[in-house]
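Working notes, beginning with the structure itself.
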2 protein chains.
Amino acid sequence: MEYNAKQLQIIEVAERLFSQKGFAGTSVRDIAQEADVNVSMISYYFGSKEKLIEALFQLRMTESRSRLETLVMTSELSALQKFNMFIDSVIDRLMGNQCFHNIMLREQLSSERTPVISEFIRSLKFRNVELIQRMLREGQEAGDFKKDINVSLVTTTLYGTVNYAIATQDFYKMINGLDHMSDQEFQAHLRQELSQHLKNLFKSTITNEHHIQN
Amino acid sequence: MEYNAKQLQIIEVAERLFSQKGFAGTSVRDIAQEADVNVSMISYYFGSKEKLIEALFQLRMTESRSRLETLVMTSELSALQKFNMFIDSVIDRLMGNQCFHNIMLREQLSSERTPVISEFIRSLKFRNVELIQRMLREGQEAGDFKKDINVSLVTTTLYGTVNYAIATQDFYKMINGLDHMSDQEFQAHLRQELSQHLKNLFKSTITNEHHIQN
DNA sequence: TTTTATTAATCAAACGTTTGTTTAGTAAAA
DNA sequence: TTTTACTAAACAAACGTTTGATTAATAAAA
């Protein structure tokens, strides 16, 4: 699906407002006003409010068909290096699309989900778990990784940590006395800290550390 | 504040529905119907829908004034044992009050928050970070824990992992082929797996492991 | 004891607003 | 001319809240 400038404007405003106030908490008039279009344009272009959020998911999820998958799987890096690359890519993807991932997380918290969106999310999550699965297996076969890794929980910690860090970033900023930083500075700082924290966390957990040799 | 049976019934139904459909996505008529009371009783008892969710927070957060804090801080367990106890208590608290913590997580995802609820959450989070801070320091002073631990990120991983595991438990169940389990069985299973996963994760990250001595 | 006030709990109905969507029409582009 | 882009206005439905009446229970006064 191709969207013109006005359609994209509506989608982007909707994304921001859904992220800030939730889907049910955002009215089509809110969106229309902020996007500077007539209310009826939303029905005109997308059919309904529901279809609008589906269009948003469609758009954002086709965008994220990352080259990372092949890059990570084919390169000659060590399993740990690949895994670390993946950690950074998750941080970048989530922090670079905070609004959308906020909406996605909210959607996962709901029990009354739209089937279309549910399926979007499920397939995306499945892709991610499979990718991690393969990466961990490769490390295991190379003898670098432990044998008894719970792939689901490793995934859960990775995404759970990044999601929660983004959700509570104001608190993080406050409690670490980082108020002097500009927003851009802080985002970069958080990214870096998260990266180091997660790599460190997983390294000692999933690798067979050969202390004697080192 | 003391609540009679009918008031508690309203609060409990509201908690479940807010958790399932979000605050804005739940109408007072939904609540009234499921709680089997007249719509006007909600305004009558609580003043407004907004005040109802505030009452819910008030109730649930005064309930959770846990004895754990003193218990964990005064006992003669090792720092790591205390930390492991704390991990289990977090898992128990979050899994034992999934609806409420779902609402709380949603609230943290919103930028248009109620000041009252925002303050509730902030103070609770502050209490938790402080507790963890003290626990980690104790371990550091005893020489058991590393010196360069990022308390905020350790907290983020702990709560982030448990929250995300609960939010995506259906996916976890599916992907691990655990559909044969009863709900109760699965809850117990997830609790156990999470406990082991997190303890393992943190042990190797925050402790000075003395491999040679072991 | 009987009667009269006072109270809290409850209800159906109605209130005014906001909701998402549709309609009927206009202007511009093809 | 036909199609596309766009609008103001209108629509019914749903929203949170208020109203006014009724009930039941308790306390005060007769």
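Worth knowing before you read on, the calculation uses all heavy atoms, side chains too, and leaves out hydrogens, waters and symmetry mates. Residue numbers start from 1 in every chain, and the chains themselves are labelled A, B, ... in the order their sequence lines are given, proteins ahead of strands.
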Could you tell me the separation between the [atom1] atom of [X] and the [atom2] atom of [N], rounded to a whole number of Å?
X       : N      : atom1 : atom2 : result
B:Gln7  : C:dA9  : CD    : P     : 7 Å
B:Leu52 : D:dC15 : CG    : P     : 16 Å
B:Lys21 : D:dA14 : NZ    : P     : 13 Å
B:Ile31 : D:dC15 : CD1   : C1'   : 12 Å
B:Met41 : C:dC11 : CE    : P     : 7 Å
B:Gln33 : C:dA12 : CD    : P     : 12 Å
B:Ile10 : C:dC11 : CD1   : P     : 10 Å
A:Ile53 : C:dG20 : CD1   : C1'   : 15 Å

Do the charged groups of [X] and [Y] touch, with an N to O distance under 4.0 Å?
X        : Y        : value
B:Glu119 : B:Arg122 : yes
A:Glu63  : A:Arg60  : yes
A:Lys82  : A:Glu138 : yes
B:Asp88  : B:Arg191 : no

- Can you check whether A:Asn4's main-chain N or O pairs, donor with acceptor, with A:Gln7's side chain at less than 3.5 Å?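 Such a contact is found between A:Gln7 side chain and A:Asn4 backbone.
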- Item | Donor-acceptor contact present, side-chain B:Gln98 to main-chain B:Met95, <3.5 Å |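 Yes: the side chain of B:Gln98 pairs with the backbone of B:Met95.
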- Just call it for A:Phe46: base, sugar-phosphate, or nothing, with non-hydrogen atoms closer than 4.0 Å on any strand.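 No contact.
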- What residue among B:Val116, B:Ile121, B:Thr62 forms side-chain contact (heavy atoms from CB on, under 4.5 Å) with B:Phe57?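 Passing option: B:Ile121.
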- Of the options B:Glu12, B:Glu15, B:Lys51, B:Met61, which is the one that meets B:Leu56 in a side-chain contact (heavy atoms from CB on, under 4.5 Å)?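 Exactly one pass, corresponding to B:Glu15.
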Can you pull every protein N or O that's under 3.5 Å from an N or O on nucleotides 24-27 of chain D?
none

- Query: Hey, are the side chains of B:Leu201 and A:Val154 touching, using non-hydrogen atoms and a 4.5 Å cut-off?
  - Reply: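 A side-chain contact is absent here, since even the closest heavy-atom pair is not under 4.5 Å.
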- Produce a footprint string for nucleotides 21-30 of chain C: one letter per nucleotide, 5' end first; B if the base is under 4.0 Å from any protein heavy atom, S if only the sugar-phosphate is, - if neither. BB--------
- Upstream residue (5' side of DNA chain C) when B:Tyr45 and A:Ala24 are each assigned their closest nucleotide: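 The residue mapped nearer the 5' terminus is B:Tyr45.
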